[in-house]
Protein chains: 2
Amino acid sequence: MATISDVAALAGVSTATVSRALNGKATVDPELAARVRKAAGELGYRPNGPARNLRRQEAAVVALIISDVENPFWTAVARGVEDVAHEVGYSVVLCNSDESADKESRYVDVAIQERVAGVILSPTGSTSSVEKLAARGTAFVAVDRPLPHESDVVLVDTRAAARQATEHLIAQGYERVGCVTGPAGVRTADDRLAGYRDALRAAKRRSTAKLVRRTEYKAAGAHKAARELLEQAEPPDALLVANSAMAVGVLQALQEHGVRLGREVGLVSFDDAPWAALIDPPLSVVAQPAYEIGTVAARLLLARITDSTRPPTTTTLGARLIERGSSHRG
Amino acid sequence: MATISDVAALAGVSTATVSRALNGKATVDPELAARVRKAAGELGYRPNGPARNLRRQEAAVVALIISDVENPFWTAVARGVEDVAHEVGYSVVLCNSDESADKESRYVDVAIQERVAGVILSPTGSTSSVEKLAARGTAFVAVDRPLPHESDVVLVDTRAAARQATEHLIAQGYERVGCVTGPAGVRTADDRLAGYRDALRAAKRRSTAKLVRRTEYKAAGAHKAARELLEQAEPPDALLVANSAMAVGVLQALQEHGVRLGREVGLVSFDDAPWAALIDPPLSVVAQPAYEIGTVAARLLLARITDSTRPPTTTTLGARLIERGSSHRG
DNA sequence: ATGAAAGCGCTAACAT
DNA sequence: ATGTTAGCGCTTTCAT
């Protein structure tokens with residue numbers, strides 16, 4: 001494969017000039033630059049990335065470590081990150097931590113090892129990954145979940161959104177509103193539960209553990225949880241569900257129990273999945289600004305890469321309740 | 001950041017010994033190896049990836065270039081690839097070509113530039129990306145869509161599956177079966193259309209252009225296409241839809257027109273999305289072995305990386321028709 | 001404006 | 001079994 005020396009030889013200049021010409025430095029004679037480009041073209045020259053990164057001590061790459069590639073929320077975040085990063089010539093590599101602190105840690109190791117310019121991640125419970133990044137001085141920003149550390153963070157005010165969604169269910173006349181949320185210790189799951197309880201408290205309702213279930217953020221866990229809830233002596237007549245994968249499991253359980261959505265059991269779920277409006281009645285949701293989370297995080301990361309001394313910021317975005325049929329009795 | 005020389009100095013050995021010890025070469029005294037590991041641990045040493053890749057002339061990374069990260073089919077493929085690659089110590093970087101030949105080409109350039117060990121891609125129409133890879137001698141395997149080139153390919157017998165699905169609709173008593181498929185030139189789209197026509201021909205039905213629409217593999221395009229079909233003088237009473245994103249658009253159009261799924265318009269869609277069973281009546285689908293496509297492709301790629309001379313193979317996997325309510329009149 | 005040359009951190013061929 | 005050393009391909013002083 002052609003190297004910079006080959007190009008230099010063919011163009012009759014030094015490798016330094018080739019490098020300068022190809023990287024668009026101003027200080028090179030236009031005529032020479034043209035000769036260099038021609039030679040590079042003829043040889044099909046492609047710069048050797050590792051060599052360049054070794055020399056520059058950094059790659060124009062940002063790593064995005066997310067907890068679930070199959071979750072539309074995260075793929076939307078990924079798009080936001082990509083769009084911003086590509087604008088300024090960075091590549092994005094997507095890594096799937098699968099909600100496992102272990103995989104997350106391995107990907108962080110790889111990112112450090114490959115000397116990526118920065119990392120965007122949704123931290124799992126453990127803080128060790130983030131500490132590694134901080135120790136290495138690799139720029140990073142956390143999304144979706146806050147960090148004990150001082151660092152850039154992009155969040156959604158998910159507690160307020162959960163409260164609003166629960167208040168909506170109460171206002172619609174549901175009496176026994178329950179909640180299916182993610183595992184304890186996962187901040188978004190805790191926050192959504194807290195918001196749910198805020199609403200009950202504000203409405204002077206007793207919140208009871210019998211109406212709450214916690215499981216991993218997946219359909220299977222939520223399915224089981226919903227079945228348990230429905231089989232109780234006093235089952236819930238409405239449910240706040242913490243993400244769209246879980247909503248699939250809950251809806252399945254509802255079907256199996258033959259209860260009618262909306263009329264018998266009201267439902268609001270986080271995340272506006274593409275199919276949410278297709279079911280009958282259509283699903284009320286809390287829409288999170290996923291794409292925007294990605295763009296904001298990417299801009300923050302880019303800023304930190306250029307200036308590591310800027311003070312850490314926390315950005316909190318709002319979510320939007322979309323009322324559809326599943327949260328109405330009528 | 002600590003380098004291999006720092007470790008060597010602290011352990012009181014040469015850099016070569018450090019390298020050998022840390023890479024698990026047999027020819028190093030266990031006692032020395034222990035000393036090296038201790039020193040590396042104390043310094044928090046992480047090998048410099050670019051330096052290693054430069055020297056080795058290859059990175060233990062495979063690139064996976066897919067046409068749509070937001071499509072569950074592709075995320076399932078990605079999981080298959082990841083699982084196999086990780087087993088043997090390779091990292092996977094996910095790239096989203098967004099069905100654009102241009103983006104695909106840019107990602108291929110990046111992959112070549114970074115000297116990744118291999119590339120798995122779902123080729124868009126243009127063959128230039130693949131030619132670049134072939135010219136560079138970078139190992140690659142194509143998934144989902146065949147290639148004019150001689151190369152490893154993993155396919156689904158999508159034509160047979162489309163035929164089977166269409167025959168099923170005909171057998172259920174639908175009279176005017178239509179088809180909404182992807183853009184002309186996209187091989188899967190062409191094949192699904194061909195399979196649809198095979199079935200009509202076998203049933204001695206005339207296939208008419210009026211019942212066929214082609215649009216990009218997205219909900220929006222399919223929505224418009226379905227609306228057009230339904231507004232015709234003689235609208236279809238059943239539809240074969242070429243992927244699940246499109247199914248969302250088609251179902252939307254059906255709802256807007258107030259036609260009842262199954263009873264009035266039968267539907268079979270490619271790809272068994274998680275929500276398919278939740279709508280009423282549940283959606284009949286052609287389930288593709290997405291995860292398996294990923295694992296097979298990854299194994300093929302790994303084999304080609306180790307032996308570039310092995311003859312190219314074509315693997316064709318079958319798809320499975322899952323009959324649910326949307327394709328039954330009753 | 002251009003070139004010569006050093007050196008990024010690592011691995012592997014060669015020497016011992 | 002271990003050390004010495006060359007060199008992967010690039011960018012960037014430094015000198016001209």
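In the text below, chain A, chain B and the rest are named by the order of the sequence lines, each starting its count at 1.
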How long is the line joining CZ of A:Arg56 and C1' of D:dC10, in whole Å? 9 Å
Nearest to side-chain heavy atoms of A:Ala16, which nucleotide of C:dG3, D:dT11, C:dG9: C:dG3
Walk me through whether B:Trp74 and B:Val143 qualify under side chain to side chain contact (heavy atoms under 4.5 Å, CB included). CA-CA 10 Å; B:Trp74 286 115; B:Val143 290; 3.8 Å; yes
For the pair made of CD1 in B:Ile4 and C1' in C:dC10, what is the distance, rounded to whole Å? 6 Å
Side chain of A:Val28, heavy atoms from C-beta onward: which of D:dG9, D:dG3, C:dT2 has the nearest atom to it? C:dT2
Heavy atoms under 4.0 Å, any strand shown: does A:Pro47 hit a base, just sugar-phosphate, or nothing? sugar-phosphate
Would B:Lys218 and B:Asp68 satisfy salt bridge (Lys or Arg N to Asp or Glu O under 4.0 Å), going step by step from the backbone distance to the final call? CA-CA 10 Å; B:Lys218 297 277 172 72; B:Asp68 183 6; 5.2 Å; no
Closest of D:dG3, D:dG9, C:dA4 to the A:Thr3 side chain is D:dG9
Output the single nucleotide from C:dG3, C:dC10, C:dT11 whose closest atom is nearest the side chain of B:Thr15. C:dT11
Measuring to OP1 and OP2 of D:dT11, would you say a side-chain N or O of A:Gln57 lies under 4.0 angstrom away? no
Just checking B:Thr17: base, sugar-phosphate only, or nothing, at a heavy-atom cut-off of under 4.0 Å? sugar-phosphate
For the pair made of CZ in B:Arg115 and C1' in C:dC10, what is the distance, rounded to whole Å? 17 Å
Report yes if a side-chain nitrogen or oxygen of A:Asn23 is closer than 4.0 Å to either non-bridging phosphate oxygen (OP1 or OP2) of D:dT11; otherwise report no. yes
Nucleotide nearest A:Leu32 when distance is taken to its side chain, options D:dC10, C:dT2, D:dA6: C:dT2
Looking at every heavy atom in both A:Val92 and A:Ala85, which two are closest together, and how far apart are they? CG2-CB, 3.6 Å
Over how many whole Å does the gap from B:Arg55 atom CZ to C:dG7 atom C1' extend? 16 Å
Rounded to whole Å, the CD-P distance (A:Glu58 to D:dC10) equals 19 Å
A:Ala51 has a side chain; which of D:dT11, D:dC10, C:dA12 sits nearest to it? D:dC10
Taking NZ, NE, NH1 and NH2 as the nitrogens, is one of them in B:Glu99 or B:Arg145 under 4.0 Å from a carboxylate oxygen of the other? yes
Is any side-chain N of the basic residue among A:Arg187 and A:Asp144 closer than 4.0 Å to the acidic one's carboxylate O? no
Within this structure, what is the NZ-to-P distance between B:Lys25 and D:dG3, rounded to whole angstrom? 17 Å
